[in-house]
Amino acid sequence: MARILITSAIPYINGIKHLGNLVGSQLPADLYARYNRARGNEVMFICATDEHGTPAELAAAKAGKPVEEYCREMHATQSELAEGFRLSFDHYGRSSSERNHKLTQHFAGKLADAGLIEEVLETQVYSNADGRFLPDRYIEGTCPNCGSEDARGDQCEVCTKQLDPTDLINPRSAISGSTDLEVRETKHLYLRQSTMRDKLDQWIDSKTDWPVLTTSIAKKWLHDGDGLRDRGITRDLDWGIPVKRGTEDWPGMEGKVFYVWFDAPIEYIAGTAEWADANGKTDADWERWWRTDKGADDVKYVQFMGKDNVPFHTLSFPATIMGSGEPWKLVDYIKSFNYLNYDGGQFSTSKGRGVFMDQALDILPSDYWRWWLLSHVPESSDSEFTWENFQSSVNKDLADVLGNFVSRVTKFCRSKFGEVVPEGPAYGAAEQAVIEALQARLTTYQTHMEAMEIRKAANELRAIWTLGNEYLQEAAPWSKFKEDPEAAATSVRFALNLIPFYAILSEPFIPDASKTMLDAMNTAPGWPDSVVDALNALPAGHAFTVPEVMFAKITDDARDEMQTRFAGKS
RNA sequence: GGGCCUGUAGCUCAGUUGGUUAGAGCAGAGCGCUCAUAACGCUUUGGUCGUAGGUUCGAGUCCUACCGGGCCUACCA
């Protein structure tokens with residue numbers, strides 16, 4: 001039995017996430033977690049909300065709430081939505097937790113002890129009206145290059161020229177519009193990750209099986225220009241983890257907090273500690289996942305994330321781990337994803353364009369979304385959500401191929417034999433042929449799931465469902481029944497046995513439907529290590545019930561209505 | 001500007017280290033079945049693999065240029 005540690009990139013706190021966010025990390029991570037649990041592996045699956053940073057403060061201010069209260073409420077909301085999508089986290093933590101405070105400060109202390117922290121005096125733009133330092137992109141003004149009036153402090157979107165905030169003509173705060181800005185000196189801590197470049201480079205080179213998307217981004221950062229640059233890990237903000245060196249104050253850093261990208265990945269570890277706290281476990285119980293000196297040697301650690309998160313997970317976080325000099329677990333595999341677009345463009349929170357997690361669950365059950373999203377997950381390039389495609393997948397794959405299979409088998413049995421598994425002679429050549437086909441496809445399915453080739457796994461699963469319909473067509477128990485009811489009974493018994501088999505294989509993709517199938521068949525088997533045994537599991541005389549329609553189809557009218565509703569406003 | 005990814009049938013995508021007639025699902029056409037959510041099964045029509053060159057006995061697969069789409073570019077997270 002293997003031990004698998006799984007983390008999903010932690011979603012930012014400032015609002016409800018859209019389907020693109022969901023499919024880019026949490027959903028595939030959940031698929032992998034469910035699969036590994038089903039195979040009998042010991043799984044620790046951690047996610048959390050990422051709560052610090054300027055946008056969180058601004059979102060709270062906009063909502064008219066103290067930032068702490070805002071984050072607590074949004075965490076509750078996101079937790080609820082995660083449950084709605086059946087994301088099976090062992091713990092859904094918060095980066096603002098006490099555990100993360102302690103651990104982040106601990107890492108900073110260790111890095112400082114190792115000589116990897118440098119204090120840097122820099123100048124930044126301060127807004128008197130807003131009472132805060134402004135990140136570069138929160139400063140707007142006229143572009144000195146093209147004259148556009150909405151250039152940002154980091155780059156002009158019109159002419160794409162890279163800018164420095166002080167380049168802007170008539171600079172103003174993007175938050176308040178105030179022009180009462182001044183340049184102030186402020187001291188910050190930098191992580192000297194440039195000194196670890198060669199070590200990180202070798203480490204990345206050793207990961208030959210990682211997706212190209214992952215390694216190419218890491219390589220770019222390692223070798224672009226002068227190579228990996230040092231990175232500021234503190235900010236002048238109120239909301240965040242106070243800068244401390246371990247448990248000691250850090251002279252000169254009073255009133256400053258750690259930068260969200262320093263503390264966010266540490267929350268993976270802290271979140272596991274939160275799990276222990278929440279479940280009456282000891283420190284040893286979470287440390288055996290993270291400390292190679294305390295039992296984590298045999299752990300396989302897999303991270304899931306969108307491509308925008310790759311630099312932090314391939315470079316900054318490993319630099320933190322390695323630089324600490326302590327035996328923390330490093331990631332073994334990074335599965336990264338491209339973006340999901342929406343109907344010919346991008347999802348847009350501000351324009352209300354696209355489907356957000358809460359809306360999705362209002363419209364249709366989570367299994368519908370899970371199936372479409374996972375079977376179209378943007379693995380090799382950006383992919384696109386269209387309502388036609390969604391409707392076709394749901395109606396064809398779920399309703400027609402799987403749902404209708406369950407329906408036709410159970411209803412036929414009920415009308416001819418009652419709601420019990422009929423007997424009939426032993427399986428013959430026809431059944432044997434199906435068993436062999438299933439065994440081959442099951443092996444392929446497992447290979448894809450283990451390799452996290454999600455689209456291919458979904459295709460294989462669909463092909464496994466199709467085998468049931470092919471069998472029925474060939475066996476035609478409705479014809480046999482007229483001359484040889486016993487032979488028909490065997491066919492029906494075999495087909496009924498396929499239902500729990502399908503339920504188990506499908507569970508990582510569509511957990512609710514899986515449960516419906518198992519409940520209807522009144523059974524709860526484990527993973528089918530042997531297809532023959534699995535298809536003999538339900539004996540003659542076993543009672544079952546005919547389930548309700550498992551997947552209602554999406555009509556053209558409903559589809560058109562949703563397409564209009566979520567088109568957004570320009 | 002630089003880097004990376006991507007362009008294969010109407011649509012969504014597979015195509016392992018270059019090797020005989022380029023595959024799947026959906027959509028379309030035909031046939032069959034009638035147990036089932038007018039569902040299912042079988043057969044079948046669609047592609048000079050973005051364009052132009054090059055390497056090779058042989059290229060969707062490697063190289064170059066160009067065209068199109070996307071992402072990243074370190075103070076949004």
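It should be emphasised that the depicted structure is a prediction, and the values quoted were computed from it without experimental measurement. Letters go in sequence order (proteins before strands), and every chain restarts at 1.
Residues A:Asp400 and A:Lys396 are paired through a salt bridge, judged by an N-O separation under 4.0 Å between the basic side chain and the carboxylate. Salt-bridge check for A:Arg137 with A:Asp154: passed, with a basic side-chain N closer than 4.0 Å to an acidic carboxylate O. The residues A:Asp50 and A:Arg94 are annotated as not salt-bridged, no charged nitrogen and carboxylate oxygen being separated by less than 4.0 angstrom. Salt bridge annotation for A:Lys219-A:Asp201: present, with a cationic side-chain nitrogen under 4.0 angstrom from a carboxylate oxygen.
Taking the six-membered ring where tryptophan is involved, the planes of A:Phe385 and A:Trp372 are perpendicular, since the angle between them exceeds 60° and thus also 30°. Using cut-offs of 30° and 60° for the angle between ring planes, the A:His313 and A:Tyr268 rings count as tilted.
When both pairing distances are held under 3.5 Å, B:C71 makes a Watson-Crick or G-U pair with B:G3. Searching all strands for a Watson-Crick or G-U wobble partner of B:C35 with both distances below 3.5 Å returns nothing. With a cut-off of 3.5 Å on both Watson-Crick or G-U wobble distances, the partner of B:G60 is given as none. For B:A29, the paired nucleotide is B:U43, the pair qualifying as Watson-Crick or G-U wobble because both relevant distances are below 3.5 Å.
Counted within 6.0 Å of CD on A:Glu379, heavy atoms from surrounding residues, nucleotides or ligands total more than 12; the atom is thus considered enclosed.
Spacing between B:C26 and B:C67 at atom P, rounded to whole Å, works out to 39 Å. Comparing B:U61 with B:U20, their P atoms are spaced 14 Å from each other, to the whole Å. Comparing the same atom, P, in B:C11 and in B:U51 gives a spacing of 15 Å after rounding to whole Å. Annotation: B:G10 and B:U45 have their P atoms spaced 15 Å apart (nearest Å). The C1' atoms of B:G60 and B:U43 are separated by 28 Å, rounded to the nearest whole Å. Using atom C1' as the reference point in both B:C33 and B:A27, the two lie 22 Å apart (nearest Å).
Contact annotation for A:Ser393: no contact, since no heavy-atom pair falls under 4.0 Å across all strands.
A cation-pi arrangement is absent between A:Lys335 and A:Phe304 under the rule of less than 6.0 angstrom and at most 45 degrees off the ring axis.
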What string of B, S and - do you get for nucleotides 68-77 of chain B, 5' to 3', if B is base contact, S is sugar-phosphate-only contact and - is no contact with any protein heavy atom under 4.0 Å?
-> --SSSSBBBB
Assign a letter to each nucleotide of nucleotides 31-38 of chain B from its 5' end: B, base within under 4.0 Å of a protein heavy atom; S, sugar-phosphate only; -, no contact.
-> -BSSBBB-
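Between the A:Arg172 side chain and the A:Gly177 main chain, no donor and acceptor come within less than 3.5 Å of each other.
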